[in-house]
Amino acid sequence: MSALFDKAAAALKLSPEAVETWRERLRPRAPDGLSARLLLLTVAFTLAVEALIMGPNLAAFHERWLRDRLQAAELASVGVEALPYSAVEDDTAAELMRIGGVQAVALTEQGVRRLLLQAPNLPRAPELIDLRQQNSWARLTDPWRTLFGHPDRSLRVQAKPRYRSGDFIEIVTPAQPLKLELKAFLLNSLLVSLLVSLTAGALLYGGLALLVLRPLRRVTRSMERFAADPESEAEAPSDRHDEIGRVERELSRMQEEVRQSLRSRARLVALGEAVAKINHDLRNMLTSAQMASERLATSADPQVAKALPRLERALSRAASLSRNVLEYGRSEEPAPQKTRVVLTKALTLAAEDAGLEPDGVRLVKQLPARFAVEADPDQLYRILVNLMRNARQAIEADAGRPAERRGKGAITVSAFGEDRLCVIRIADDGPGIPPRLAERLFEPFVSSKSSDGSGLGLTISRELAALHGGELRLVPKEGEGAVFELRLPA
């Protein structure tokens, strides 16, 4: 075949690339489609079932043939005994045995064995088959022993008499005629089994192709079309109520959800770009406004001096909101570069930038000596600053505190190891988290502060904790104050 292909390619003057292309196309392949595999499996399973049925059928044919010989021999023996003095000439006995297909007949009655028809000298000792107490395994293996046995093999068969009294009747019969009939029966059975298998396989394949394969092809085409163009018009699902129909309806629903999500994502991307541009311009404006406020600080006007702190706080809050929005709008945070961080030093730096002071909201450390964690120093710093700043702002904004404690409080940081984790707990003595906000506290733009908060600090902190393989959570607490736990892998 390969030589013929090479001659044809040479005659057509095909390029080497074309020769390889056509050789690949003409190379025989195993069926890889679901329909072809299903057809092969159907035929194989049907043939396997037929093979399981073949053994009992062959055993039944083998036993039936032997019982027919026993019945014929028994009838012949009745004729022999009907003659006067049981005198049977040799020619008559030979004819009777030929008609019955046996070589000898004996009858055992009350323990006495009588030879009714004398057997000739046999080249091999006959093998015993007792049909009175034959077990299942022997019934299944006897036909195969006959099929593959010696050509001169004889069978000595014993069974209960049907037409006369006696313990059992016994015959000796050649196995060669039975072997020939077994071969013919086996061949016919195989042909019938093959025909039944092909017919059953074709019918089953046709039914499965109609009920399963065709709908699956439709689902596959729908998925491929959606993958190529999510905005393409979706094919309406069928009105079937079985599992295939449910798959089609669920696929259609999921495609519509993904389509809507892609559209929303596209709108959010466009909105994010616009916000980034606006934010950039806003920060420039805020910088100019802060420079102007610094110039106003030199003014001797008492009204200006009175309004200036409020202006500076508003500008600071606006700058913080702009910075948080830009941080949250990043496509993704960089992977943490973990190193060993001594927690005391990290807390000291974060407390300074969070605005903690000994005379106002102070930091209380309850740490084991030289307690350290494996974390990215910059990202751990951002998490701690966000948590401590939020706690400070909550304490300072608490109008329900006594006058002598207003604007003052404590943020207590403790740490310990637990189940291969480093747990950092940040607790404050502020007003706590309202129950209505506790479940949504880590969602973007959700804040417990009425005016100062952007609602992004905790969201960013939780994402940074997740990048470390840990988590940030609010610990339920009764009474005043809030407790956050930062859990990082040890």
Side-chain angles (χ1 to χ4, degrees), residues 279 316-317 319-339 341-356 361 363 365 367 371-397 411-416 418 421-428 430-434 437-449 452-477 481-490:
N279 215 11
S316 177
R317 289 195 300 269
S320 177
L321 175 61
S322 175
R323 182 174 58 254
N324 286 338
V325 169
L326 282 180
E327 288 180 354
Y328 180 73
R330 292 176 181 172
S331 58
E332 59 180 7
E333 293 284 350
Q337 304 297 318
K338 294 185 180 181
T339 185
V341 180
V342 178
L343 191 55
T344 301
K345 295 182 180 179
L347 283 172
T348 302
L349 295 176
E352 292 178 359
D353 289 345
L356 303 190
V361 179
L363 174 65
K365 303 176 185 176
L367 306 175
F371 189 88
V373 295
E374 291 290 329
D376 185 299
D378 293 336
Q379 294 184 358
L380 178 63
Y381 163 82
R382 290 169 60 189
I383 296 173
L384 295 175
V385 167
N386 280 330
L387 293 174
M388 289 192 286
R389 183 189 294 122
N390 287 349
R392 176 186 63 79
Q393 292 174 350
I395 293 173
E396 293 176 347
I411 299 175
T412 304
V413 180
S414 57
F416 54 91
E418 179 184 280
L421 291 173
C422 291
V423 182
I424 304 172
R425 182 171 290 176
I426 299 98
D428 63 69
I433 306 296
L437 291 178
E439 296 181 357
R440 303 175 55 241
L441 193 60
F442 292 98
E443 296 180 8
F445 307 107
V446 175
S447 174
S448 61
K449 291 165 282 190
D452 292 352
S454 63
L456 293 175
L458 289 178
T459 304
I460 295 172
S461 299
R462 178 176 247 188
E463 291 181 356
L464 293 176
L467 285 175
H468 283 75
E471 64 172 340
L472 176 64
R473 65 178 185 175
L474 175 67
V475 179
K477 181 180 182 296
V483 180
F484 287 88
E485 274 190 359
L486 175 62
R487 307 170 69 88
L488 299 175

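- Once rounded to the nearest 0.5 Å, the distance linking CG of Leu387 with CD1 of Ile383 reads 7.5 Å.
- Taking both residues in full, the closest heavy atoms of Ile426 and Leu384 are given as CD1-CD2, 4.5 Å, listed atom of the first, atom of the second, then distance.
- Residue Arg392 comes nearest to Ala354 through the heavy atom pair NE-O, 2.5 Å, listed as atom of the first residue, atom of the second, then distance.
- Pro431 and Ala394 make their closest contact through CD-O, 3.5 Å (heavy atoms, listed as atom of the first residue, atom of the second, distance).
- Here the CG-CD distance, from Asp428 to Gln393, works out to 12.0 Å after rounding to the nearest 0.5 Å.
- Just one of Ile411, Val413, Thr348, Leu343 meets the side-chain contact (heavy atoms from CB on, under 4.5 Å) condition when paired with Lys365; it is Thr348.
- Contact of the Phe484 side chain with the Leu441 side chain is registered, since non-hydrogen atoms from C-beta on lie closer than 4.5 Å.
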Worked check of side chain to side chain contact (heavy atoms under 4.5 Å, CB included) between Asp376 and Leu467: CA-CA 10 Å; Asp376 185 299; Leu467 285 175; over 6 Å; no
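- With rounding to the nearest 0.5 angstrom, the CG atom of Leu486 is 9.0 Å from the CD atom of Glu471.
- Distance check: Glu418 CD to Leu421 CG gives 7.0 Å after rounding to the nearest 0.5 Å.
- Distance check: Leu458 CG to Leu472 CG gives 7.0 Å after rounding to the nearest 0.5 Å.
- Taking each heavy atom of Lys338 and Glu374 in turn, the nearest pair found is CD-O, 4.2 Å.
- To the nearest 0.5 Å, atoms OG1 (Thr344) and CG (Leu349) are separated by 11.0 Å.
- Taking each heavy atom of Arg382 and Ser461 in turn, the nearest pair found is O-OG, 4.4 Å.
- Closest approach of Ala350 to Met388, counting heavy atoms only: CB-CE, 3.3 Å.
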